[in-house]
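Below is one structure, written out as structure tokens; comments come after it.
Chain letters run A, B, ... following the sequence lines, proteins first and then strands; every chain starts at 1.
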There are 2 protein chains.
Amino acid sequence: MSTKEKILDLAEHYIQHNGYNGFSYHDISSVLGIKNAAVHYHFPKKEELANEVIKKAQVQFENIVEKAEVYDVTYTDKVRRFLTIYDNNLRKENRVCLIGSFATNLDALPPGLNAPLAALVAAIKSWLTMVLAQGREAGEFHFRGSPGQRAALICSGMAGALQLAKILGNEEYYEIKSQLLNDLV
Amino acid sequence: MSTKEKILDLAEHYIQHNGYNGFSYHDISSVLGIKNAAVHYHFPKKEELANEVIKKAQVQFENIVEKAEVYDVTYTDKVRRFLTIYDNNLRKENRVCLIGSFATNLDALPPGLNAPLAALVAAIKSWLTMVLAQGREAGEFHFRGSPGQRAALICSGMAGALQLAKILGNEEYYEIKSQLLNDLV
DNA sequence: GTCTATATTCCGATAGAC
DNA sequence: GTCTATCGGAATATAGAC
């Protein structure tokens, strides 16, 4: 893995553990055994670094969608596959979700991050809404409210679950996740 | 309102808009037209300031509980009253909830904030669990899963709703809230 | 691609005058 | 209770050597 990729991974780590304003270039460089200036070579400004982290999440989400289309037969499986994104965050030493982290510190963020962030959230909500709508039409899901409302509930519930897990423990996460799934069928 | 109270309110404002690491004593003092040193007089360390904000939230929650006991007849009303805490955050220029803000930046927080934060979350979950259990026993609520699970879902769903609202708009918040309530009855 | 060195700004915090 | 003044440190960022 290249230094650039390692930096990107560490930035992602810190954003999801400390928030955008809770880490510095030095935090990253010291872990890699390099100097803070070397990080600036790869990502001149912190805003660009964060922007790349968002882009990476966008690609990751698109990969999930692609895999779901290819491999998953049922709509339940598609939703479950999507939720593995959150599972992975929990496993990675209790990370909160990327969107929740940015949203929470939004007013102290470089304004340039706003648009890519909104695009990512919109893409996720749009896809999940579609899956829920199709799953309901296929008779697989039976839930109250519109698919869009349900998609919003699932996203916010899972984001909150990761945050609650940081304080009360991981059992909370699994309980919330199972309820969100149970309320679908 | 005393300067000390004004500082506390501003700290609360910044924590819920910028996160703990997204504001400085100077940010607070400049709004009040005083100097950063004057803020240090009232709250010598930033950790203490944040601690007082948490304490204030604890008191606010206890007031809600007390009012619910006195005024609310139905369990639905008690839950609704509790959720006005989140409504107020939405109205205050889209604040995220205090717990969500701290949880998101937890690894970049002074360790001393951990215990009071956990106590606040535990108190909220405990009370909400009780209300849900009693409401179900009274035949007012009909939900899947245990009251404790449902309480965790409501808290995390509402926290996430405030965050999603910051990115996609306030309609998201109301849709999520109404779904959480509808899924109770 | 990583380094040293440095500029600049900001932050948390303290001492002591008023 | 608020001020001026200041300290030590850390953060973002850049210039230029290797």
Rounded to whole angstrom units, what separation is found between the [atom1] atom of [X] and the [atom2] atom of [N]?
X     : N      : atom1 : atom2 : result
B/I28 : C/dG12 : CD1   : C1'   : 12 Å
B/N21 : D/dA10 : CG    : P     : 15 Å
B/L32 : D/dT2  : CG    : P     : 9 Å
A/E48 : D/dA13 : CD    : C1'   : 12 Å
B/K35 : C/dG16 : NZ    : C1'   : 17 Å
A/H26 : C/dC10 : NE2   : P     : 22 Å
B/I7  : D/dG1  : CD1   : P     : 10 Å
B/K4  : D/dT2  : NZ    : P     : 12 Å

> Would you call B/R80 and B/D72 a salt bridge, using N to O less than 4.0 angstrom?
Replying inline: no

> With the threshold set at 4.0 Å, does a side-chain nitrogen-carboxylate oxygen contact exist between A/R150 and B/D183?
Replying inline: yes

>> Using a 6.0 Å cut-off, check whether atom NZ of B/K56 has over 12 heavy atoms from anything other than its own residue.
In response: yes

Residue [X], side-chain heavy atoms: nucleotide from [options] that is nearest:
X     : options               : result
A/Y41 : C/dT14, C/dG1, D/dT14 : C/dG1
B/H42 : C/dG12, D/dT14, D/dG1 : D/dG1
B/Y25 : D/dG1, C/dG12, C/dC3  : C/dG12
A/I34 : C/dC11, C/dC3, D/dT14 : C/dC3

>> For B/H40 and A/A37, find the nucleotide of DNA chain C closest to each by heavy atoms; which residue's nucleotide sits nearer the 5' end?
In response: A/A37

>> Need one value for A/F43: base, sugar-phosphate or nothing, where a base atom within 4.0 Å counts as base even if backbone is also close, heavy atoms only.
In response: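 Result for A/F43 = nothing.
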
> Do you know which two heavy atoms are closest between B/Y86 and B/A159, and how far apart they sit?
Replying inline: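 In terms of heavy atoms, the two residues are closest at CE2-N, 4.1 Å.
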
> In terms of the nearest nucleotide of DNA chain D, which residue is placed more toward the 5' end: B/N36 or B/G33?
Replying inline: B/G33

> Do B/K35's NZ or CZ and the ring of B/Y25 fall within the cation-pi criteria of under 6.0 Å and 45°?
Replying inline: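 Pair B/K35/B/Y25 does not count as cation-pi.
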
> Phosphate oxygens OP1/OP2 of C/dG12: is one of them under 4.0 Å from a side-chain N or O of B/K46?
Replying inline: yes

